[in-house]
Amino acid sequence: RYDLTKAKEEYEKSQEVARRQMEIYRKLNTGIRNQDWDAAEAAVTELEQSRPAEERYGFGTIRLRILLGRKDYAGAIKLGTSLLDAKPDNAPLLNGLAWTIVIEPGLDNRANTAAHGKVPGFLDTLARARFLNGKTEDAIALEQKALDLSTDDNEQKLLKRCLESYQQGKLPSVSH
């Protein structure tokens, strides 16, 4: 027999956990938006504690953003390096790190390498990093490759817009 009372209690408990997580994410986003790095760090620490140890690396890019906000570049490089060493084949993590620190030499290409140059979004990130580093022709070639590989209509529109910006020597606007 199915215990309806127990199911209701489990559902309510899961809803409370979800509400608490949303509140912590709001605090994190507010801290980052207001450049209140202590509040942001406290929120990310609380989020990490709610996850199993093997999932905590996912908060690395948020911690990296906090370190960069504090202008703790040595700490950011140390954290980025430790994340790369711990997860050298995790392409989404590597792409997130590259997007977070596109000006760090060598970091921008590792996500693309891990994905064997076959993921349009990672090529797009690499193209942006190259453009920001004054390598416009590389950016154009990478963005064209991303466009050629993409099979999603919305992604193709975005990539085409970015490609046109690079061809005009302009940094494409980005909305997150």
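- Residues that satisfy the side chain to side chain donor-acceptor pair (under 3.5 Å) test with Thr136, not counting sequence neighbours, are absent from this structure.
- Without hydrogens or angle criteria, Asn95 side chain to Ala91 main chain gives no donor-acceptor distance under 3.5 Å.
- Legend: residues meeting salt bridge (Lys or Arg N to Asp or Glu O under 4.0 Å) with Glu9, ordered by chain and number and at least two apart, are absent.
- Taking both residues in full, the closest heavy atoms of Thr45 and Arg63 are given as OG1-NH2, 2.8 Å, listed atom of the first, atom of the second, then distance.
- Take Asp38 and apply the salt bridge (Lys or Arg N to Asp or Glu O under 4.0 Å) test, not counting sequence neighbours, and it matches Arg70.
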Would you be so kind as to tabulate the donor-acceptor pairs closer than 3.5 Å made by side chains of residues 11-18, with sequence neighbours excluded?
from: Ser14; atom 1: OG; to: Tyr11; atom 2: O; distance (Å): 2.8
from: Glu16; atom 1: OE1; to: Arg19; atom 2: NE; distance (Å): 3.4
from: Glu16; atom 1: OE1; to: Arg19; atom 2: NH2; distance (Å): 3.2

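- With sequence neighbours excluded, the residues that form a side chain to side chain donor-acceptor pair (under 3.5 Å) with Gln21 are Ser50, Arg51.
- Taking Ile, Leu, Val, Met, Phe, Trp and Tyr as hydrophobic and joining them when side-chain heavy atoms fall under 4.5 Å apart, one finds Met22 isolated, its cluster having no other members.
- Remark: Ser150 engages Pro120, Asp152, Glu155, Gln156, Leu159 in a side-chain contact (heavy atoms from CB on, under 4.5 Å) (not counting sequence neighbours).
- Partners of Arg33 by salt bridge (Lys or Arg N to Asp or Glu O under 4.0 Å), not counting sequence neighbours: none found.
- Nearest heavy atoms, Thr61 versus Gly96: CG2-C, 3.8 Å.
- A salt bridge links Glu23 with Arg26: the distance from a Lys NZ or Arg NE/NH1/NH2 to an Asp or Glu carboxylate oxygen falls below 4.0 Å.
- Side-chain contact check for Arg128 and Ser165: no donor-acceptor pair (N or O, by modelled atom type) lies under 3.5 Å.
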Pair up each side-chain donor or acceptor in residues 138-149 with any protein partner under 3.5 Å, not counting sequence neighbours, and list the distances.
from: Gln144; atom 1: NE2; to: Asp148; atom 2: OD1; distance (Å): 2.9
from: Lys145; atom 1: NZ; to: Gly117; atom 2: O; distance (Å): 3.4

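- For the salt bridge (Lys or Arg N to Asp or Glu O under 4.0 Å) test, no residue two or more places apart in sequence or in another chain qualifies with Arg65.
- Closest approach of Leu93 to Leu83, counting heavy atoms only: CD2-O, 4.2 Å.
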Report task. Apply side-chain contact (heavy atoms from CB on, under 4.5 Å) to the pair Asn154 and Leu158, showing each step before the final yes or no. Result -> CA-CA 6 Å; Asn154 289 330; Leu158 174 68; over 6 Å; no
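- Checking side-chain atoms of Asp3 against main-chain N and O of Thr5 turns up a donor-acceptor pair under 3.5 Å.
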Report task. Show your reasoning for whether side-chain contact (heavy atoms from CB on, under 4.5 Å) applies to Thr30 and Asp36. Result -> CA-CA 8 Å; Thr30 300; Asp36 182 349; over 6 Å; no
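- Considering CG of Leu64 and NZ of Lys78, their distance stands at 14.0 Å, rounded to 0.5 Å.
- Pairs of residues two or more places apart, or lying in two chains, that qualify as ring-ring contact (aromatic ring centres under 6.0 Å, His included) and include a residue from residues 125-167 are Phe131-Tyr166.
- With side-chain heavy atoms closer than 4.5 Å counting as contact, directly or through intermediates, the hydrophobic cluster containing Ile32 also holds Ile24, Tyr25, Leu28, Trp37, Val44, Leu47, Phe59, Ile62, Ile66.
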